[in-house]
Student: 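Quick one: the structure is below, questions incoming.
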Amino acid sequence: MLGIQEVARQLDVTMRTLRFYEDKGLIAPQRVGTTRIYSRREIARMRLILRGKRLGFSIREIKEFLDLYDVDPEHVAQARQLLMKIGERVSALRKQKRAIDQTLEELRLLERQALTLIDGAATARNDDENKHDD
DNA sequence: ATTCTTACA
DNA sequence: TGTAAGTA
């Protein structure tokens with residue numbers, strides 16, 4: 001059983017973050033008076049929470065997953081839901097990627113046009129100087 | 001000195 | 001989430 005400070009250090013998060021996820025109902029550390037005491041289970045849940053966050057899942061989705069983790073010992077329902085969520089996440093990321101690719105193409109086009117404009121102006125200037133040489 | 005809650009950014 | 005304020 002560890003204090004909030006130690007847990008925060010181990011997970012590399014702030015105490016604020018631990019209280020935040022508790023407030024969202026993702027973890028429920030024991031209490032000694034008002035002071036929070038974290039068990040091995042809370043720490044394990046926090047690791048899952050942090051990973052879910054890294055993968056881009058919402059707090060709500062992570063909570064749903066965690067809730068199922070408790071009821072279904074075999075984790076079958078979890079696996080199914082996870083599979084569905086992964087599919088959604090992959091689709092969302094692919095959609096974002098398409099948008100990014102489109103933006104990149106547009107920027108490259110604009111870049112070429114800008115370069116052409118600059119090059120064209122320089123060429124015109126040189127031609128003008130040549131006329132004076134005549 | 002530490003932790004907690006609440007509220008605002 | 002960070003930070004500040006006022007407690008226990």
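Throughout, a chain's letter reflects where its sequence line sits, starting with A, and its residues are numbered from 1.
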Student: Both atom distances under 3.5 Å, Watson-Crick or G-U wobble: I'd like the secondary structure of DNA chain B as a dot-bracket string, with | for pairs made across strands.
Tutor: .|.||||||
Student: OP1, OP2 of B/dT5 versus side-chain N and O of A/Thr34: anything below 4.0 Å?
Tutor: no
Student: B/dT3 P sits how many Å from A/Ile4 CD1, rounded?
Tutor: 7 Å
Student: Tell me whether A/Asp70 at atom CG has more than 12 heavy atoms from other residues, nucleotides or ligands lying less than 6.0 Å away.
Tutor: yes
Student: Tell me: CE of A/Met46 to C1' of C/dT1, nearest whole Å?
Tutor: 12 Å
Student: For A/Glu6 and B/dA1, give me the distance from atom CD to atom C1', rounded to whole Å.
Tutor: 17 Å
Student: Evaluate the side-chain proximity of A/Arg31 to A/Ile37: yes if any heavy-atom separation is below 4.5 Å, no if none is.
Tutor: no
Student: Strictly below 4.0 Å: does A/Thr17 bring a side-chain N or O up to OP1 or OP2 of C/dT1?
Tutor: yes
Student: Using whole Å, report how far CG of A/Asp23 lies from P of C/dG2.
Tutor: 15 Å
Student: Please check the phosphate of B/dC4 (OP1 and OP2 only) for any side-chain N or O of A/Arg36 closer than 4.0 Å.
Tutor: yes
Student: Can you tell me how far P of B/dT3 sits from CD1 of A/Ile37, to the nearest Å?
Tutor: 10 Å
Student: Looking at A/Lys53, does any N or O in its side chain come under 4.0 Å of the phosphate oxygens OP1/OP2 on C/dT1?
Tutor: yes
Student: Between A/Glu106 and A/Gln102, do the side chains contain an N or O donor and an N or O acceptor separated by less than 3.5 Å?
Tutor: no
Student: Does a nitrogen or oxygen in the side chain of A/Gln5 sit under 4.0 Å from OP1 or OP2 of B/dT3?
Tutor: yes
Student: Do A/Ile4 and A/Thr35 have side chains that approach each other closer than 4.5 Å (heavy atoms only, starting at C-beta)?
Tutor: no
Student: Using a 6.0 Å cut-off, check whether atom CD of A/Glu74 has over 12 heavy atoms from anything other than its own residue.
Tutor: no
Student: Round to a whole Å and report the spacing from CG of A/Asp12 to P of C/dT1.
Tutor: 11 Å
Student: Would you name the heavy atoms of A/Ile62 and A/Lys53 that are closest together and state the gap between them?
Tutor: CD1-N, 3.6 Å
Student: Would you indicate whether A/Arg89, at its atom CZ, is surrounded by more than 12 heavy atoms from other residues, nucleotides or ligands within a distance under 6.0 Å?
Tutor: yes
Student: Does A/Arg16 place a side-chain N or O at less than 4.0 Å from the phosphate oxygens OP1/OP2 of B/dC8?
Tutor: no
Student: Over how many whole Å does the gap from A/Leu18 atom CG to C/dG2 atom P extend?
Tutor: 11 Å
Student: To the nearest Å, give me how far apart CG (A/Leu11) and C1' (C/dT1) are.
Tutor: 16 Å
